[in-house]
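Each ligand, and each atom within it, is numbered from 1 in the order the structure gives. Basis for what follows: all heavy atoms, side chains included, without hydrogens, waters or symmetry-related copies.
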Amino acid sequence: MKITIDSVKIVEVGPRDGLQNEKVTIPTQVKIDYITALGDAGLRVIEAGAFVSPKWVPQMADTTDVYRDIPKDPGVEYPVLVPNMRGLERAIEAGVKSIAIFTASSETFNKRNINMSIDESFENYAPVVMRARGEGMRVRGYVSTAFGCPYEGQVAPEKVLEVSARLLDLGCYEVSVGDTIGVGTPMQVQGVIGMLLQVIPASKLAMHFHDTRGTALANTLAALELGIATFDASSGGLGGCPYAPGASGNLATEDLVYMLDSMNIVTGVNLNRLVQASTIIAPYLDHPLPGRYLQACTKGTMPFATSLSSSAAVQ
Ligand code: HMG
Ligand code: MG
């Protein structure tokens, strides 16, 4: 294994990707406490919610209240998902400084998720990005179903490249390449990302692995080897997409940090404090959190830091 990266940026998506798929209603104040604790753990980018239609995703209906009441840490970015101009208007009204737009590399998923074809989504997002950037916002892009679609099956890497390049052309500073239903494997990561890297620099790519089939950490290693240094993850392994049948949680942030600590790759995240953040949200869910490191801790196994970097990261 040859990895030259010495630090990784983690985009914590638990409060958005994690909570959007939960059946139970999480009290707004609990979301605020959870996000605050994630910041205290050293996470510098925390997706705080989504200005999507509350009819489509009721779990995100309180994003305005959540965003308003997070005690904003000046060192932390709190992006929110925006699907259209209405969402951007809500974001502007809430004082949001950073948004994420989202489309897919397969038509059927995109239609089910945002009721638009891929081309329609770009027509929709063009004025959104222009206005957002005019307001001084940072705009991130997501390309879903990059490793497989729940409706169409295999997805051509060429399509992932095309959609990713279009998102960057539109003005996104980074594209997060999503394994929405967690079907990807390390060799596939090499193939898809290898193709993207022929055109797009690694610094503009992030990986967004769901861990449905237990391959997220192995996929992360494959991406690290290719020079990718930004990874989305959700604390405790929360997550899933309501419009992707079978999608389960994201790569657990604790599992990611545990592995990166052992490789002396700096994340700035304190593992113990991260576990504390997950234990804030855990009692409000109707199922145990799937993250393996967290489970090892809560089953009474001693917390086990693999290097000094974790405990030294945040005092
Ligand atoms: P639509 O039904 O085609 O839109 O939905 P519409 O314009 O006809 O609006 C329907 C109703 O929603 C109207 O209300 C609008 O006002 C309202 P009504 O007149 O019926 O009372 N509305 C809104 N309300 C609040 N905020 C808004 C908004 N827009 C419309 N922004 C739409 C189209 C895009 C709105 C809808 O499909 C939607 O919200 N989809 C979001 C789905 C979603 O959030 N999915 C999960 C996030 S993506 C994901 O998880 C993948 C990712 O993690 C990466 C990966 O894993 O691959 C990012
Ligand atoms: Mg996701």
To the nearest 0.5 Å, what is the distance between CG on Asp255 and CG on Leu294?
8.5 Å

Atom indices of ligand 1 within 4.0 angstrom of Phe51 heavy atoms, with elements:
26 (N), 27 (C), 31 (N)

If the threshold is 4.0 Å, N to carboxylate O, is there a salt bridge linking Asp286 and Lys23?
no

Classify the angle between the aromatic ring planes of Tyr258 and Tyr293 as parallel (below 30°), tilted (30 to 60°) or perpendicular (above 60°).
tilted

Which atoms of ligand 1 are found less than 4.0 Å from any heavy atom of Asn113?
37 (O), 40 (N), 41 (C), 42 (C), 43 (C), 45 (N), 46 (C), 48 (S)

Working to the nearest 0.5 angstrom, can you tell me the gap between Ser235 OG and Ile10 CD1?
11.0 Å

Quick look: Thr180 vs ligand 1, heavy-atom contacts under 4.0 Å, and the answer is both

Please list, in number order, the atoms of ligand 1 under 4.0 Å from a heavy atom of Leu81.
47 (C)

Rounded to the nearest 10 degrees, what's the angle OD2 of Asp17 makes with NE2 of His210 at the Mg ion (ligand 2)? Could you check?
100°

In ligand 1, which numbered atoms sit nearer than 4.0 Å to a non-hydrogen atom of Arg16?
47 (C), 49 (C), 50 (O), 52 (C), 53 (O), 58 (C)

When you check the side-chain N and O atoms of Glu77 and Ser98, is any donor under 3.5 Å from an acceptor?
yes

Distance under 4.0 Å to a non-hydrogen atom of Lys55: what atoms of ligand 1 satisfy this?
14 (O), 18 (P), 20 (O), 21 (O)

For Asn115, counting its heavy atoms only, list the atoms of ligand 1 lying under 4.0 Å from any of them.
1 (P), 3 (O)

What about Met187 and Val192, same hydrophobic cluster or not, with Ile/Leu/Val/Met/Phe/Trp/Tyr joined at side-chain heavy-atom distances under 4.5 Å?
no

Could you list which atoms of ligand 1 come closer than 4.0 Å to a heavy atom of His210?
56 (O)

Contact check, Pro54 vs ligand 1, heavy-atom distance below 4.0 Å:
yes

So which of Lys111, Met85, Arg86 gets nearest to atom 16 (O) of ligand 1, if we judge by its closest heavy atom?
Arg86

Does this structure show an ion pair linking Glu174 with Lys204, if we count only N-O contacts that are shorter than 4.0 Å?
no

Taking only non-hydrogen atoms of Val57 and a 4.0 Å limit, the atoms of ligand 1 in range are 42 (C), 43 (C), 44 (O)

Only heavy atoms count here, so choose which of Pro83, Ser105, Ser144, Ser53 is nearest to atom 54 (C) of ligand 1.
Ser144

His208 to ligand 1: N or O pair under 3.5 Å?
yes

Residues Arg140, Asp232: salt bridge by 4.0 Å N-O rule
yes

Do side-chain atoms of Arg44 reach the backbone of Gly42 as a donor and acceptor pair under 3.5 angstrom?
yes

